[in-house]
Amino acid sequence: MNKALDIIKRIAGTLMLPVIMFVVMKVLCNANGKKFLENMAMWKVLIPDVAVSVACAMGIGLQFKNGRFDFSGGSIMLVSAIVAGSIARDAGTGSPLLFCVIAVALCVLLSVGVSLVYVYGRLPIMIATIGMALLYESITPLIFGGGGVNLVSVKFIKQLSAYPTVLIPFACAVLVYAVYNYLSTTGKQSLLLAKNQQAAVNIGVNENKNVILSYVYSGLIFGFATIIWASLGKRDASFSSLSTVGELFSNILPVFVGLYIGAFCGDTIGIIMGSLAICMMKTGLTMVFKAELGGAISTAMMGLFVFLVNLVAGQSGNLKKLVGKMLVRHNPIKA
């Protein structure tokens, strides 16, 4: 009986946020005469957004769990998208395989470059990753005429961001993240380093090797994210400093949400559920309001959401005590 209740509790905790968000957005849209995810066609439009959000969140989350706040992921994806997209488009093979291989390989190579600067440069992680982000961004206006890349009209690449093909790079990103967390020695050693760096080094963990291998895994994830992201729309070269950071870190909220939901289902599924909820919120708000206003309200709501999630997580013990006191029946003292 206790086991059954525990399973129900875990399922409810895992699905609670997406279900609540779906109900709220559906009520809001219907009240304004809009349809919200009422048929499979609408879900097919949403799924690519969820897929790229999950992949980006997992790329960020892999380093975040290890105590590294990495700002270089967006610039890595942009460089890889421009190079891989331009080469595959100009080659005209009609096969997306060339684009996928170049995108993933470049993301891994550029991620390893970041790790080498961090490890052997002996710089703080924020300085190292911001510096590499600036370097990679400065490359984008210099390659392929500085025009970025537009793959919307390239059918054999565009299909990679359409349902159901989009599920392939999405599944690959989730698989890499799960393997790193649950099966790889690198992931387990990273967890030891994050909890107690000195103790992990004392028992023989090679920190430098671990960091480089961790960036190989995050590079693979960013590579699969690039496959989807690059084919969703036009990607312009970066002409302003750290412009790629904001776009990538718009997907950091699912990381926070996923780590909290992960108490019920593990952070792999937690990030997927968090990304689904956030994408439903963005879709609902942009349908009800004008595009610019919907985006602004969505950003404000995400900020408020982060605050509330952190508040509930940080004060969960006090909230439980308060609810417990409210629910306890106070029997009168008999003389």
Side-chain angles (χ1 to χ4, degrees), residues 11 14-15 17-19 21-22 25-26 29 35-61 77 80-81 84-85 88-89 91-105 107 149-180 217 219-235 248 250-251 254 257-258 261 265-284 286-287:
I11 294 174
T14 301
L15 298 177
L17 182 60
V19 169
M21 191 64 71
F22 175 80
M25 288 298 109
K26 188 167 182 60
C29 289
K35 293 183 179 181
F36 180 74
L37 301 178
E38 293 187 356
N39 52 54
M40 190 59 194
M42 292 184 174
W43 280 102
K44 287 179 179 179
V45 174
L46 180 67
I47 287 173
D49 293 331
V50 175
V52 75
S53 176
V54 169
C56 289
M58 287 182 172
I60 298 170
M77 289 174 59
S80 300
R89 180 194 60 204
T93 61
S95 170
L97 182 60
L98 178 63
F99 169 69
C100 295
V101 170
I102 297 175
V104 173
C107 281
V149 65
N150 187 359
L151 303 174
V152 174
S153 60
V154 184
K155 185 176 180 181
F156 68 92
I157 296 178
K158 179 61 180 175
Q159 66 182 351
L160 294 169
S161 63
Y163 180 87
T165 317
V166 71
L167 297 178
I168 298 174
F170 166 74
C172 290
V174 173
L175 180 62
V176 171
Y177 186 80
V179 168
Y180 175 84
Y217 280 95
L220 286 170
I221 295 173
F222 281 132
F224 294 121
T226 301
I227 291 172
I228 307 170
W229 177 73
S231 54
L232 277 174
K234 187 178 187 296
R235 303 303 168 192
L248 177 69
S250 63
N251 295 298
V257 176
I261 297 178
C265 57
D267 57 295
T268 303
I269 297 176
I271 289 176
I272 295 174
M273 293 294 105
S275 296
L276 176 60
I278 300 305
C279 287
M280 285 194 291
M281 181 183 74
K282 289 181 179 179
T283 301
T286 51
M287 288 177 65

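Every residue two or more places apart in sequence or in another chain was checked for a side chain to side chain donor-acceptor pair (under 3.5 Å) with Thr14, and none qualifies. Under the rule for a side chain to side chain donor-acceptor pair (under 3.5 Å), Lys155 has no partner lying at least two apart in sequence or in another chain. Under the salt bridge (charged side-chain N to carboxylate O under 4.0 Å, His left out) criterion, Arg235 pairs with Glu247, sequence neighbours left out. Residues forming a salt bridge (charged side-chain N to carboxylate O under 4.0 Å, His left out) with Lys44 (at least two apart in sequence, or on another chain): none.
Within the 4.5 Å cutoff, the side chain of Thr268 has heavy atoms near those of the Met58 side chain. In this structure, the side chains of Met77 and Cys56 come closer than 4.5 Å at one or more pairs of heavy atoms. Counting heavy atoms from C-beta outward, Leu46 and Cys279 have side chains that approach closer than 4.5 Å. Side-chain atoms of Met273 and Leu15, non-hydrogen and from C-beta on, do get closer than 4.5 Å to each other.
Gly59 approaches Ile221 most closely through the heavy-atom pair N-CG2, 3.6 Å. The two residues Thr226 and Ala103 come nearest to each other via the heavy atoms CG2-CB, 4.3 Å. Contact detail for Ile271 and Val54: the closest heavy-atom pair is CG2-O, 4.2 Å. Of all the heavy atoms in Pro18 and Met280, the pair that sits closest is O-CE, 3.1 Å. Closest non-hydrogen pair, Ile157 versus Ala88, comes out as CD1-CB, 3.9 Å. Scanning all heavy atoms of the two residues, the minimum distance from Ser80 to Cys107 falls at OG-SG, 3.3 Å.
In this structure, Lys158 contributes its side chain and Ser231 its backbone to a donor-acceptor pair below 3.5 Å. Put simply, the side chain of Ser275 never gets that close to the backbone of Val50: no donor and acceptor are under 3.5 Å apart. Asp49 contributes no side-chain N or O that, together with a main-chain N or O of Ala51, makes up a donor-acceptor pair within less than 3.5 Å. Counting only distance, with no hydrogens or angles, the side chain of Thr286 and the backbone of Thr283 share a donor-acceptor pair below 3.5 Å.
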Side-chain donor-acceptor contacts of residues 165-180 below 3.5 Å, not counting sequence neighbours, with atom names and distances?
from	atom 1	to	atom 2	distance (Å)
Tyr177	OH	Asp267	OD2	2.5
Tyr180	OH	Asn66	ND2	2.8
Tyr180	OH	Ser190	OG	2.7
Tyr180	OH	Ser214	OG	3.0

Check: residues 35-42 side-chain donor-acceptor pairs under 3.5 Å, at least two apart:
from	atom 1	to	atom 2	distance (Å)
Glu38	OE2	Lys26	NZ	3.3
Asn39	OD1	Ala41	N	3.2
Asn39	OD1	Met42	N	3.0

Q) Are Leu160 and Phe99 close enough, and set up right, to give a side chain to side chain contact (heavy atoms under 4.5 Å, CB included), and what steps lead you there? A) CA-CA 10 Å; Leu160 294 169; Phe99 169 69; 3.6 Å; yes
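In this structure, Ile227 CD1 and Cys100 SG are separated by 4.0 Å, a value rounded to the nearest 0.5 Å.
Summarising the local packing, CG of Leu232 is surrounded by more than 12 heavy atoms from other residues, nucleotides or ligands at distances under 6.0 Å.
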